[in-house]
Participant: 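Got a structure here, written out as structure tokens. Questions coming.
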Amino acid sequence: MSQGPELIITEKDNAARRIADILSGGSAEAERTRGVNVYTWGGRRCIGLSGHVVGVDFPPEYDDWRDVEPVELIDAPIDKRPTQENIVSALRLLARTAGRVVIATDYDREGELIGKEAYELVREVDDDVPIDRVRFSSITEREVTEAFATPDDLDFDLAAAGEARQIVDLVWGAALTRFLSLSARQLGDDFISVGRVQGPTLKLIVDREREIEAFDSEDYWELFADLAKGDSDAGDDPDGAFEAQYFYHDDDGTEAERVWDEGAASGAYETLETASTATVDSVRRRTRTDDPPAPFNTTQFIRAASSLNYTAQRAMSIAEDLYTAGYITYPRTDNTVYPDDLDPRELLDAFVGTRQFGDDAESLLDREEIDPTEGDEETTDHPPIHPTGELPGAADLDDDEWEVYELVVRRFFATVADPATWEHLRVVAAVASEGEDLLLKANGKRLVEPGYHAVYPYSSASESFVPDVREGEELTVTDTSFEAKQTQPPRRYGQSRLIETMESMGIGTKATRHNVIQKLYDRGYIESDPPRPTRLAHAVVEAAEEFAERVVSEEMTAQLEADMQAITRGDATLEDVTRESREMLEEVFEGLMESGEAVGDHLRESLKADRTVGACPECGSDLVIRQSRQGSYFIGCDAYPECTRTLPLPSTGKPLLLEETCNDHGLTQVKMLAGRKTFVHGCPLCQAEAADAQEDRVIGACPDCGTDHGGELAIKQLRSGSRLVGCTRYPDCDYSLPLPRRGDLEVTDGVCEEHDLPELRITYDDEDRESWALGCPICNYREYQAEQAGGSELESVSGIGEKTAEKLQNVGIDDVPSLKEAEPDAVADRVDGVGPDTVREWQAKAD
DNA sequence: GCAAGGTC
């Protein structure tokens with residue numbers, strides 16, 4: 001019987017720290033073993049893994065894609081290998097001296113598997129140390145103490161269910177991915193992948209695009225009238241004016257607003273236009289309650305953050321940081337029911353007295369009863385996302401982090417707030433006509449009790465005004481309008497809508513869905529935001545639909561889920577499930593191998609179509625986007641070397657082909673993706689022709705070589721679309737200054753005394769945009785560089801992000817010295833959302 | 001270098 005210390009293993013470091021803290025009563029100390037935190041106290045040690053620390057893969061002899069037929073992967077052996085060497089070796093080291101081991105990974109299927117992986121690593125070094133499993137729904141004193149008092153055994157069936165998933169996913173994913181990549185001869189970084197989750201996700205996007213492409217729009221008309229109360233001059237009482245819409249009852253008696261026949265529409269409009277009054281036909285008032293939202297799970301959090309313009313990736317990355325810093329709970333959760341041990345009053349109390357949340361917290365605490373909302377999903381691994389009650393100082397977070405933190409806090413507030421009450425008012429008025437009366441309707445709504453809207457400003461609480469009227473009342477028609485419209489195709493999925501749909505289809509998990517979307521971007525399957533599928537994506541989905549329908553269908557996940565449950569219950573084994581799945585894949589390959597060539601051709605054609613800009617003006621072949629050996633992009637003729645026609649592209653960014661084409665040349669418009677510097681380059685041939693037509697405008701002597709070689713500075717328009725002031729002796733002299741890409745450049749009479757160059761001015765064709773003085777190009781460039789440095793200087797103070805730096809600059813604080821000299825109260829008065837304490841914190845940090 | 005699932 002071993003006497004060594006007890007070793008507790010958790011899924012992540014954060015959980016290890018908190019559990020050690022609870023079990024040790026705060027006395028645990030962190031030590032480092034092989035670079036991994038180990039929390040130690042009394043006779044116990046606690047180590048956190050990093051999720052899976054071992055992974056499944058084929059043996060190395062299967063690594064070369066060309067040497068192995070993809071079909072051989074179906075029955076290839078599968079190994080488990082450490083993927084996190086340092087954690088694995090720390091675990092082995094600690095296990096050698098342990099007298100007892102307790103697995104305390106997350107309470108879900110994947111957690112059970114991670115626990116079993118730890119179990120096997122321990123068993124490698126000690127085959128008889130007792131190993132227990134503890135399960136708890138949240139890391140709180142009560143739950144954790146109770147779980148450790150009543151230890152259980154690992155559930156090997158549950159873990160096997162997870163292993164079956166690993167094997168099925170690897171075999172299908174790897175075999176099909178290699179097959180498609182080989183058939184299209186795409187073996188580098190641009191391989192062509194498919195899998196159980198990315199497949200159906202991609203099909204979702206492609207199917208929507210097919211609907212859009214097949215959509216035929218229809219014409220229809222809508223009629224509106226402005227109505228006003230009162231017998232007096234209606235125009236004197238704008239408060240009483242409201243808009244009403246014409247409607248009718250169609251054949252089956254349902255209400256309709258769209259008029260599909262132009263003749264009928266203009267007939268009705270003639271009557272409406274000539275009418276001076278309408279009589280109130282009916283008034284209906286209803287009171288509706290608007291319940292506060294459920295607590296945040298990952299998907300709903302991403303959705304709310306996306307309405308604040310965060311991408312799914314960005315929102316999760318910020319949430320991760322807030323979690324690691326201790327301000328919010330674990331951000332990857334399906335749970336929408338707060339655990340019993342969350343005391344809303346206690347959590348609200350934590351916000352009392354704070355500048356941003358104090359008043360709202362107090363007003364929520366003021367009520368007799370606090371009853372949090374609940375969603376439909378209740379799980380055992382993590383609570384819904386909520387603030388921990390540990391508050392960040394204003395300087396601890398940058399602007400984006402603060403905005404997301406506030407969202408999480410206010411969502412918690414909303415879930416414990418009261419419902420809102422709306423009053424809906426529907427008015428129907430009739431305009432007399434020779435035939436049947438014309439009907440007009442207006443729907444008003446008024447927020448009577450703001451309820452949760454008072455603390456949660458993210459969901460719409462906009463009102464629409466319709467005045468109090470009574471039946472039979474005469475209203476004045478003050479204006480009418482007749483609008484020709486067209487039915488619109490369905491909209492593309494946005495990222496958060498895609499994630500919601502994946503969730504409802506049961507594909508992916510809370511921790512992976514946003515990564516799957518990123519993967520589709522990385523593979524060249526989707527572009528832009530909202531994502532639009534490439535031709536390659538269409539081809540991959542088409543190939544899968546024909547030969548491997550399962551891998552683009554949600555059915556595969558549903559079946560796997562059922563199989564995993566059978567394994568968990570003990571009704572099936574891992575071997576049963578994986579054997580059956582392999583057999584199915586064998587069948588898929590029978591069809592696929594016969595048509596491999598055709599599939600490959602189609603994929604290659606689509607890849608080319610994604611890069612094709614249009615017809616070569618020289619020879620009529622395709623102009624395609626290519627990459628030079630240095631990595632820069634250009635457009636070249638596909639008939640190269642017979643045709644050597646090329647067109648340059650801007651040096652910044654990655655080209656994206658837009659849907660619009662150039663009216664003059666029929667070439668596709670190009671957009672350059674470069675993060676915040678993204679811009680539309682337009683038609684590459686127009687750009688090149690414009691540059692050829694524009695002569696260089698000499699403005700003075702070159703400061704580098706003017707004296708020695710007589711070089712001159714000229715304004716140049718490059719064929720790649722950029723504009724600069726550069727030396728006429730280029731390439732012998734490469735002196736150059738950047739100029740803005742947009743606007744017309746005017747050389748003024750003003751002269752810079754320092755550099756003896758004319759001052760420049762930028763004007764725009766667009767009348768709404770004001771022209772501005774760029775000045776001497778050398779001075780301008782110098783200022784630009786100083787500005788870059790200045791901006792980043794304020795941002796070097798922790799807690800000041802780009803937006804805050806901008807606000808501070810607006811009140812004259814443009815560098816660190818001026819920030820330090822500033823009077824905190826004065827700054828707080830003038831800068832929105834900043835308090836004097838915050839300014840003092842910045843000043844302290846700036847020292 | 002393939003998947004999907006953990007975590008960072």
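All chains are named by letter (A, B, ...) in the order of the sequence lines, taking the proteins before the strands, and each is independently numbered beginning at 1. Computed from heavy atoms alone, side chains included, the values below leave out hydrogens, waters and symmetry copies.
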Participant: Checking A/R18 now: which residues fulfil salt bridge (Lys or Arg N to Asp or Glu O under 4.0 Å) with it, not counting sequence neighbours?
Facilitator: none
Participant: Where each residue is assigned the nucleotide of DNA chain B containing its nearest heavy atom, which of A/Q198 and A/L49 is assigned the position nearer the 5′ end?
Facilitator: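 Final value for this comparison: A/Q198.
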Participant: Under 4.0 Å between a side-chain N or O of A/T509 and OP1 or OP2 of B/dA4?
Facilitator: no
Participant: With A/R123, which residues qualify under salt bridge (Lys or Arg N to Asp or Glu O under 4.0 Å), at least two apart?
Facilitator: none
Participant: If each of A/E11 and A/Q186 is mapped to the nucleotide of DNA chain B with the nearest heavy atom, which maps nearer the 5' terminus, i.e. the 5' end?
Facilitator: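 First, find each residue's nearest nucleotide; the 5'-ward one identifies A/Q186.
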Participant: Nearest of B/dT7, B/dG6, B/dA3 to any side-chain atom of A/N515?
Facilitator: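 Shortest atom-to-atom distance from the side chain points to B/dT7.
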Participant: Taking only the side-chain heavy atoms of A/D106 (C-beta and beyond), determine which of B/dT7, B/dC8, B/dA3 contains the nearest atom.
Facilitator: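 Looking only at heavy atoms from C-beta outward on A/D106, the closest nucleotide is B/dT7.
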Participant: Report the nucleotide, chosen from B/dG5, B/dC2, B/dC8, that has the shortest atom-to-atom distance to any side-chain atom of A/R165.
Facilitator: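 Of B/dG5, B/dC2, B/dC8, B/dG5 is nearest to the side chain of A/R165.
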Participant: For a quick test of reading the model: is some side-chain N or O of A/T512 closer than 4.0 Å to OP1 or OP2 of B/dA4?
Facilitator: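 For B/dA4, neither OP1 nor OP2 has a side-chain N or O of A/T512 closer than 4.0 Å.
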Participant: For the side chain of A/D13 and the base of B/dC8, is some donor closer than 3.5 Å to an acceptor across the two?
Facilitator: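 Donor-acceptor pair under 3.5 Å: no.
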Participant: Give the nucleotide from the list B/dC2, B/dA4, B/dC8 with an atom nearest to the side chain of A/K12.
Facilitator: B/dC8
Participant: Which nucleotide in the set B/dC2, B/dG5, B/dG6 lies at the smallest distance from any side-chain heavy atom of A/R523?
Facilitator: B/dC2
Participant: Nearest of B/dG5, B/dC8, B/dC2 to any side-chain atom of A/R178?
Facilitator: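 When the side chain of A/R178 is considered, B/dC2 is the closest of B/dG5, B/dC8, B/dC2.
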Participant: Holding to salt bridge (Lys or Arg N to Asp or Glu O under 4.0 Å), I want the full list of residues that pass it with A/E406, two or more places apart in sequence or in another chain.
Facilitator: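 Counting only residues at least two positions away or on another chain, A/E406 forms a salt bridge (Lys or Arg N to Asp or Glu O under 4.0 Å) with A/R410.
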Participant: Please determine if a side-chain N or O atom of A/R66 lies less than 4.0 Å away from the OP1 or OP2 oxygen of B/dC2.
Facilitator: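 Checking B/dC2 against A/R66, no side-chain N or O comes under 4.0 Å of OP1 or OP2.
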Participant: Residues two or more places apart in sequence or in another chain: which of them pass salt bridge (Lys or Arg N to Asp or Glu O under 4.0 Å) with A/D381?
Facilitator: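 Scan of A/D381 (salt bridge (Lys or Arg N to Asp or Glu O under 4.0 Å), adjacent residues dropped) gives A/K510.
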Participant: Report the distance from atom CZ of A/R17 to atom CD1 of A/I22, rounding to the nearest 0.5 Å.
Facilitator: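 One gets 11.5 Å once the value is rounded to the nearest 0.5 Å.
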Participant: Apply side-chain hydrogen bond (donor to acceptor under 3.5 Å, both in side chains) to A/T573 and A/D576, showing your working.
Facilitator: CA-CA 5 Å; A/T573 64; A/D576 296 336; 3.1 Å; yes
Participant: Check whether any side-chain nitrogen or oxygen of A/Y330 sits under 4.0 Å from OP1 or OP2 of B/dT7, and answer yes or no.
Facilitator: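 Checking B/dT7 against A/Y330, a side-chain N or O does come within under 4.0 Å of OP1 or OP2.
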Participant: Out of B/dG5, B/dC2, B/dC8, which nucleotide sits closest to the side chain of A/F191?
Facilitator: B/dC2
Participant: Does B/dG6 have OP1 or OP2 under 4.0 Å away from a side-chain N or O of A/R332?
Facilitator: no
Participant: Between B/dC2 and A/S181, is there an OP1 or OP2 to side-chain N/O distance shorter than 4.0 Å?
Facilitator: no
Participant: Assign A/W172 to base, sugar-phosphate, or nothing according to its heavy-atom contacts below 4.0 angstrom with the strands shown.
Facilitator: nothing
Participant: Just to be sure I understand the geometry, which residues of residues 544-562 of chain A put a non-hydrogen atom under 4.0 Å away from DNA chain B?
Facilitator: none
Participant: Any side-chain N or O of A/R513 below 4.0 angstrom from OP1/OP2 of B/dA4?
Facilitator: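 For A/R513, the contact criterion (side-chain N or O under 4.0 Å from OP1 or OP2 of B/dA4) is not met.
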Participant: According to ring-ring contact (aromatic ring centres under 6.0 Å, His included), does anything in residues 101-124 of chain A pair up with another residue at least two apart or in another chain? List the pairs.
Facilitator: A/Y119-A/F156
